[in-house]
Engineer: 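Have a look at this one.
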Amino acid sequence: NSILKIIEEPNSNNHFIIISHNRINLLSTIKSRSYEIKFQDFIKKDFFSLIESFDDIRSSNIEYLYDLSHGSIALSRDYIRYNFRDIDVHLNEMLLDVKKIKSNTPYHYLNFLNKNNSDNEVISSFFDFLILKKNYLIKSHVNEFSNKKVNKFLNLIDELKELKRRYITFNLSIEHILIHYFNLLKQWVKKKY
């Protein structure tokens, strides 16, 4: 709404490029004044060759990375660049069995982030990785999970998105955010799915 007036009455020779991953969220008045260009997702073959060009990764891992990132080159590049594969198996085990979360788990991940210089870009990518991981687990285990467990995963994805927003907006401590997040996961132990 805030840019609608500018778009409705632009000055001559002004052009706007609006990028949206969800066309449904755009206001109809914006859509009616726009020329739409749709970009297709990378096909696996293109994705594989691009990933192989900047990392020496096995094809089975590329297949997993394609599924995890939904074919996103940027998210895949961050996964490789920030060594998220070093914590992927551990995180997977914890998400599938929250009894494996210990009191020092948030600090384990905090140390991992600190090894990567833990700047805002790394931490933002880390949140994206956590969100992708939960989505991937839902997709790959949907037949095994109860509806209640799937809903809990979806709620935790929303919580992660909110934690990322708070971290970016309010510059909150990543240590406190990780403690909060893993405490939320530990609460699953008390509930049966």
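Just so you know, these numbers come straight off a predicted model, no measurement behind them.
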Engineer: Clusters formed by hydrophobic residues whose side-chain heavy atoms approach within less than 4.5 Å: which one holds V142, and what are its other members?
Structural biologist: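 In the cluster with V142 there is nothing else; it is isolated.
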
Engineer: Can you list the steps and then say if K186 with I101 is a side chain to side chain contact (heavy atoms under 4.5 Å, CB included)?
Structural biologist: CA-CA 7 Å; K186 278 188 349 185; I101 298 173; 3.5 Å; yes

Engineer: Which heavy atom of F153 sits nearest a heavy atom of L95, and at what distance?
Structural biologist: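 So the minimum-distance heavy-atom pair works out to CZ-O, 3.9 Å.
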
Engineer: Side-chain contact test, heavy atoms from C-beta onward, threshold under 4.5 Å: evaluate it for N135 versus K139 and give yes or no.
Structural biologist: no

Engineer: Please round to the nearest 0.5 Å and tell me the distance separating atom CZ of F145 and atom OG of S140.
Structural biologist: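 Reported to 0.5 Å precision, the distance equals 7.0 Å.
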
Engineer: If the condition is ring-ring contact (aromatic ring centres under 6.0 Å, His included), which residues does Y181 pass it with, not counting sequence neighbours?
Structural biologist: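 Scan of Y181 (ring-ring contact (aromatic ring centres under 6.0 Å, His included), adjacent residues dropped) gives none.
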
Engineer: Nearest 0.5 angstrom please: L91 CG to L96 CG, how far?
Structural biologist: 9.5 Å

Engineer: Apply side chain to side chain contact (heavy atoms under 4.5 Å, CB included) to H108 and K102, showing your working.
Structural biologist: CA-CA 10 Å; H108 170 74; K102 308 295 181 211; over 6 Å; no

Engineer: Please give me the minimum heavy-atom distance between F48 and I62, naming the atom from each residue.
Structural biologist: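 Smallest heavy-atom distance, with atoms named: CD1-CG2, 3.2 Å.
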
Engineer: Quick one: does K99's side chain get under 4.5 Å of M94's, heavy atoms only?
Structural biologist: no

Engineer: Are the aromatic rings of F126 and Y82 close, with centres under 6.0 Å apart?
Structural biologist: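 No, the ring centres sit 6.0 Å or more apart.
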
Engineer: Kindly indicate, with the supporting measurements, whether the criterion side chain to side chain contact (heavy atoms under 4.5 Å, CB included) is fulfilled by F47 and S76.
Structural biologist: CA-CA 10 Å; F47 178 87; S76 299; 3.2 Å; yes

Engineer: Can you tell me how far the OG atom of S28 sits from the CD1 atom of I30, to the nearest 0.5 Å?
Structural biologist: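 Going from OG on S28 over to CD1 on I30, the span is 9.0 Å.
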
Engineer: Hydrophobic cluster mates of I17, side-chain heavy atoms under 4.5 angstrom, ILVMFWY only, any path?
Structural biologist: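 Its cluster partners, ordered by chain and number, are I19.
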
Engineer: Can E144 and K149 be counted as an ion pair, charged N to O under 4.0 angstrom?
Structural biologist: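 Salt bridge flag = no for K149 with E144.
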
Engineer: To check you understand the geometry: which heavy-atom pair defines the closest contact between F112 and N83, and what is its length?
Structural biologist: CZ-O, 3.3 Å

Engineer: Flag yes if V89 and L65 sit in one hydrophobic cluster, no otherwise; membership is Ile, Leu, Val, Met, Phe, Trp, Tyr, and two members link when side-chain heavy atoms are under 4.5 Å apart.
Structural biologist: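 Per the 4.5 Å side-chain linkage, V89 and L65 are not co-clustered.
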
Engineer: Is any side-chain heavy atom of I157 closer than 4.5 Å to a side-chain heavy atom of I138?
Structural biologist: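 They are in side-chain contact.
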
Engineer: If you compare all heavy atoms of Y167 against all heavy atoms of L172, which two are closest, and at what distance to 0.1 Å?
Structural biologist: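 That closest heavy-atom pairing would be CD1-O, 3.1 Å.
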
Engineer: Can you check whether L154 reaches V150 side chain to side chain, under 4.5 Å on heavy atoms?
Structural biologist: yes

Engineer: Counting distance only, does the side-chain N/O of D119 pair as donor-acceptor with the main-chain N or O of V122 below 3.5 Å?
Structural biologist: yes

Engineer: Could you check if a side-chain atom of L178 sits within less than 4.5 angstrom of a side-chain atom of L113, using non-hydrogen atoms only?
Structural biologist: yes

Engineer: Mind checking ring-ring contact (aromatic ring centres under 6.0 Å, His included) for F182 and listing every partner two or more places apart, or none if nothing turns up?
Structural biologist: Y109

Engineer: Any side-chain heavy atom of R81 within less than 4.5 Å of one from E121?
Structural biologist: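 Yes; the side chains approach each other to less than 4.5 Å.
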
Engineer: About how many Å separate CZ of F127 and CG of L130, when rounded to the nearest 0.5 Å?
Structural biologist: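 Rounded to the nearest 0.5 Å, the CG-CZ separation comes to 7.5 Å.
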
Engineer: Among residues two or more places apart or on two chains, list those pairs meeting salt bridge (Lys or Arg N to Asp or Glu O under 4.0 Å) that have a residue in residues 162-181.
Structural biologist: D128-K164, E162-R165, E162-R166

Engineer: Which heavy atom of T105 sits nearest to which heavy atom of K100, and what is that distance?
Structural biologist: OG1-O, 4.4 Å

Engineer: Using 0.5 Å steps for rounding, measure from the OG atom of S146 to the NZ atom of K152.
Structural biologist: 12.0 Å

Engineer: Step by step, would you call T29 with I7 a side chain to side chain contact (heavy atoms under 4.5 Å, CB included)?
Structural biologist: CA-CA 9 Å; T29 52; I7 292 173; over 6 Å; no

Engineer: Would you mind listing every salt bridge (Lys or Arg N to Asp or Glu O under 4.0 Å) that reaches into residues 83-98, with sequence neighbours excluded?
Structural biologist: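 As it turns out, the salt bridge (Lys or Arg N to Asp or Glu O under 4.0 Å) pairs with a partner in residues 83-98, which skip direct neighbours, are D55-R85, D88-K133.
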
Engineer: Is I51 close to I73 at the side-chain level, that is, under 4.5 Å between some pair of heavy atoms?
Structural biologist: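 I73 reaches I51 side chain to side chain.
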
Engineer: Quick check: are there more than 12 heavy atoms from other residues, nucleotides or ligands sitting under 6.0 Å from CG of N147?
Structural biologist: no

Engineer: Does some side-chain heavy atom of I179 sit less than 4.5 Å from a side-chain heavy atom of L110?
Structural biologist: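 Sidechains of I179 and L110: no contact.
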
